[in-house]
Amino acid sequence: MGLPSGGTIINFIVIGLFVVYMGQVAMTMYELFNPEACVPGKGTRCVTPHQKADSQFELRLYTSLSVSKTVREKDLMLAHREKQLDLTDDREISVNITLPLRTLNNGTLYAYVFLHPRGTSPFRDREVTVYQIAPLTKYTVPKAEAFNLLKEDDQQGNSTENEIPTAHWKSKLPIRVMQDPIPFHQQAIPNELYQLMRFTKNAEYLPILYVHELAQKSIELVPINSSIPEMTLNIVYSPISVGQLRLYVSLQHSMKMLQDFGFGEKDVEEVKSLFTDTGLYLLGLTVLVSMFHILFDFLAFKNEISYWKKRDTMVGLSIRTIVWRSISQIVIFLYLLDQDTSLLVLVPAGIGTVIEVWKVKKAFKLHISWSGWKPSVSFGTSTDSEKETQEFDKKAMKYLSYLLYPLCVAGAMYSLIYVPHKSWYSWLINSLVNGVYAFGFLFMLPQLFVNYKLKSVAHLPWRAFMYKAFNTFIDDMFAFIITMPTAHRLACFRDDFVFLIYLYQRWLYPVDKTRVNEYGMSYEEKPATTVPSQEEKTHKD
């Protein structure tokens with residue numbers, strides 16, 4: 001028995017690392033939601049909650065133009081007072097905030113949230129009062145407005161002239177208080193909680209107040225208009241478990257690190273939405289599925305590169321489908337860039353684009369040689385079997401072109417006349433990508449036609465194809481979770497249909513070892529005098 005190939009060894013290593021990583025993530029999540037409780041005993045010093053079961057609390061919201069380490073009542077303006085707040089129930093309060101003149105003139109504003117027992121003052125009874133500070137404004141570039149390119153040409157310059165960040169109002173203020181009365185070891189308090197804790201003289205910790213800034217989305221920002229002195233603020237209160245609180249605090253630090261590494265605000269927003277817009281069980285499922293998506297992406301890219309690297313013949317493969325997939329992948333990548341799509345979608349699309357262009361080079365047997373600074377390009381010759389495949393391919397594309405081109409042109413004209421766009425470039429990219437998404441799957445059909453004429457699917461890279469198929473079904477789930485253009489979301493379901501047809505063909509045309517395999521080789525020589533019967537070409541039940 002020979003040694004396994006290098007590719008097999010790499011697969012084992014990657015899958016082994018994946019399993020270890022999955023176990024590490026599961027252990028980390030368990031420890032987050034199940035911290036060790038302190039049991040009072042000899043030599044054990046515990047920190048217990050100050051809050052009692054029958055405690056009643058009051059919530060006050062103040063505003064200020066700046067952040068100060070010394071909190072004084074005279075420097076703050078009272079915006080709302082909730083005299084009786086039940087910490088165990090969800091609550092939503094709508095408040096009208098009068099903006100100071102400095103805030104109206106592109107300035108800032110901060111919220112001071114105080115939580116204290118009823119009958120006490122947040123400034124005189126500081127020992128039993130907790131507070132948090134959160135910004136109510138954010139500087140960001142106003143969203144570019146779309147307009148009709150034919151009817152409003154004079155507005156084209158206005159859509160991009162104002163790229164200076166201006167103050168926007170955060171219309172929602174999410175507030176959380178931890179509800180798990182857990183005693184902690186004094187020397188082993190989780191760091192995520194310690195930074196939010198305040199202690200009494202008796203080594204008791206006050207209710208842990210947290211402003212859930214991760215739940216504030218950019219789509220909810222409202223531009224501040226100097227002519228409107230009042231803005232509405234929705235105070236959303238919910239209790240929170242110790243595990244969720246630790247998870248969100250850790251995630252908040254991770255988001256800051258991502259931004260420091262160069263990730264854009266939109267990319268960070270997509271990651272935040274995965275954690276804040278879903279329940280815990282759906283969140284766990286999302287994390288699990290995303291890990292498998294990354295694994296299948298890697299294995300699909302690896303096997304596809306290996307397949308094409310060893311491929312020396314184009315027998316059974318549609319060259320036009322390969323060229324079309326390369327062009328469409330480039331168009332999709334440019335479209336995703338134009339739409340400011342998340343890196344979670346953009347990075348795999350970019351890698352796929354590079355691979356598709358490289359496949360075109362292999363399909364045309366293109367060789368580039370250099371003589372000094374002068375490049376020389378040469379193309380390989382086609383065998384008789386390859387020419388037969390190309391004839392089938394050409395015939396299929398001829399029929400498809402009668403339907404595809406008129407539909408693409410009609411769709412582009414309709415979009416130009418009736419749909420607003422940010423620029424002519426935006427219209428061009430949108431028109432191309434709509435043609436790719438809406439009718440591009442037709443270009444996947446020539447390969448099905450070639451399979452039908454050859455009565456074989458042995459020439460296809462089935463291992464890489466199956467990994468991509470698994471990811472297609474995973475994409476169906478992410479289509480409802482990750483923000484992406486509607487056309488890209490519909491394309492995920494379009495691929496399912498074509499994949500099912502490929503599966504049917506694999507069942508219909510069983511593997512024939514006398515035909516060339518995916519690497520251009522045949523395991524058995526077919527006698528020249530033998531003419532295959534129809535029964536040998538079709539599936540026997």
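All values below come from the heavy atoms of this structure, side chains included, with hydrogens, waters and symmetry mates left out. Keep in mind that this is a model prediction, so the values were computed, not measured.
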Q: Looking at Pro207 and Leu115, what are the two nearest heavy atoms and their distance?
A: CB-CD2, 4.1 Å

Q: Walk me through it: do Thr63 and Leu76 pass the test side chain to side chain contact (heavy atoms under 4.5 Å, CB included)?
A: CA-CA 6 Å; Thr63 59; Leu76 306 177; over 6 Å; no

Q: Compare every heavy atom of Leu196 with every heavy atom of Leu209, then report the nearest pair and how far apart it is.
A: O-CD2, 4.3 Å

Q: Does the side chain of Pro174 come within less than 4.5 Å of Tyr237's, by heavy atoms?
A: no

Q: For atom OH of Tyr194, decide whether the heavy atoms of other residues, nucleotides or ligands shown that lie under 6.0 angstrom number more than 12.
A: no

Q: Scan side-chain atoms only and decide if Thr28 and Glu31 contain a donor-acceptor pair under the 3.5 Å cut-off.
A: no

Q: Let's go through Leu193 and Tyr205 carefully: what are the C-alpha distance in whole Å and the side-chain angles of both, what is the deciding distance for side chain to side chain contact (heavy atoms under 4.5 Å, CB included) to 0.1 Å, and is it a yes or a no?
A: CA-CA 11 Å; Leu193 302 180; Tyr205 66 89; over 6 Å; no

Q: What distance separates Glu356 CD from Ile330 CD1, expressed to the nearest 0.5 Å?
A: 9.5 Å

Q: More than 12 heavy atoms of other residues, nucleotides or ligands under 6.0 Å from CZ of Arg126: yes or no?
A: yes

Q: With sequence neighbours excluded, give me every ring pair (Phe, Tyr, Trp, His ring centres under 6.0 Å) pair touching residues 208-227.
A: Tyr210-His212, His212-Tyr248

Q: Could you report the tightest heavy-atom contact between Phe114 and Pro122, atom names first, then the distance?
A: CD2-CB, 3.7 Å

Q: If you define the side chain from C-beta out and look only at heavy atoms, does anything of Thr232 sit under 4.5 Å from Ser94?
A: yes

Q: Are Trp169 and Leu136 side-chain neighbours, meaning at least one heavy-atom pair lies under 4.5 Å?
A: yes

Q: Roughly how far, to the nearest 0.5 Å, is the OG1 atom of Thr48 from the CG atom of Asn202?
A: 8.5 Å

Q: State, to 0.1 Å, how close Lys170 and Thr137 come at their nearest heavy-atom pair, and which atoms those are.
A: CE-O, 4.0 Å

Q: Kindly compute the distance separating NZ (Lys172) from NZ (Lys217), expressed to the nearest 0.5 Å.
A: 6.5 Å

Q: Taking C-beta and beyond as the side chain, do Ser326 and Gln329 meet within less than 4.5 Å on heavy atoms?
A: no

Q: With the threshold set at 4.0 Å, does a side-chain nitrogen-carboxylate oxygen contact exist between Glu127 and Arg198?
A: no

Q: According to salt bridge (Lys or Arg N to Asp or Glu O under 4.0 Å), does anything in residues 60-72 pair up with another residue at least two apart or in another chain? List the pairs.
A: Glu58-Arg60, Arg72-Asp75

Q: Listed by chain and number, what are the side chain to side chain donor-acceptor pair (under 3.5 Å) partners of Thr70, not counting sequence neighbours?
A: none

Q: Just verifying a value: how many Å separate Ile93 CD1 and Asn234 CG, rounded to the nearest 0.5 Å?
A: 10.0 Å

Q: Atom CZ of Phe333 and atom CD1 of Ile351: how far apart are they, to the nearest 0.5 Å?
A: 10.0 Å

Q: Kindly give the heavy-atom pair with the smallest separation between Tyr112 and Ser66, and that separation in Å.
A: OH-O, 3.2 Å

Q: Below 4.5 Å, heavy atoms only, C-beta onward: do Arg45 and His185 meet side chain to side chain?
A: no

Q: I'd like to know if the side chain of Thr103 and the backbone of Leu99 have a donor-acceptor N/O pair within less than 3.5 Å.
A: no

Q: Which pairs pass salt bridge (Lys or Arg N to Asp or Glu O under 4.0 Å) with one or both residues in residues 14-28, sequence neighbours excluded?
A: none

Q: Taking Ile175 as the fixed residue, which of Val236, Val113, Ile240, Leu61 is the one that meets the side chain to side chain contact (heavy atoms under 4.5 Å, CB included) rule?
A: Val113

Q: Which value, rounded to the nearest 0.5 Å, describes the distance between Gln179 atom CD and Leu245 atom CG?
A: 11.0 Å

Q: Is Cys38 close to Gln186 at the side-chain level, that is, under 4.5 Å between some pair of heavy atoms?
A: no

Q: Check for a donor-acceptor pair, side chain of Trp358 on one end and backbone N or O of Thr353 on the other, with a separation under 3.5 Å.
A: no

Q: Please examine the side chains of His253 and Gln195, heavy atoms only from C-beta on, and report whether any two atoms are closer than 4.5 Å.
A: yes

Q: Please, which pairs that meet salt bridge (Lys or Arg N to Asp or Glu O under 4.0 Å) have at least one residue in residues 176-195, sequence neighbours excluded?
A: Glu192-Arg246

Q: Using side chain to side chain contact (heavy atoms under 4.5 Å, CB included), reason through Thr108 and Leu65 one step at a time and then give a plain yes or no.
A: CA-CA 6 Å; Thr108 58; Leu65 292 171; 5.6 Å; no

Q: Is it true that, when you exclude Tyr139 itself, more than 12 heavy atoms of the residues, nucleotides or ligands shown sit nearer than 6.0 Å to its OH?
A: yes

Q: Side-chain donor-acceptor pair under 3.5 Å between Asp86 and Thr88, yes or no?
A: yes

Q: Between Ile133 and Ser68, which heavy-atom pair has the shortest distance, and what is it?
A: CD1-O, 4.5 Å

Q: Do Val25 and Met29 have side-chain heavy atoms sitting under 4.5 Å apart?
A: yes

Q: Hey, can you pull the donor-acceptor pairs under 3.5 Å for the side chains in residues 219-231, sequence neighbours left out?
A:
{"from": "Asn225", "atom 1": "OD1", "to": "Ser227", "atom 2": "N", "distance (Å)": "3.1"}
{"from": "Asn225", "atom 1": "OD1", "to": "Ser227", "atom 2": "OG", "distance (Å)": "2.9"}

Q: Are the aromatic rings of Tyr62 and Phe123 close, with centres under 6.0 Å apart?
A: yes

Q: Might you work through the side chain to side chain contact (heavy atoms under 4.5 Å, CB included) test for Gln51 and Phe57, ending with a clear yes or no?
A: CA-CA 10 Å; Gln51 175 185 351; Phe57 289 89; 4.0 Å; yes

Q: If you count the non-hydrogen atoms of other residues, nucleotides and ligands that lie under 6.0 Å from CE in Met197, is the total more than 12?
A: yes

Q: Is a side-chain N or O of Asn106 found less than 3.5 angstrom from the main chain of Ala167, in a donor-acceptor match?
A: yes

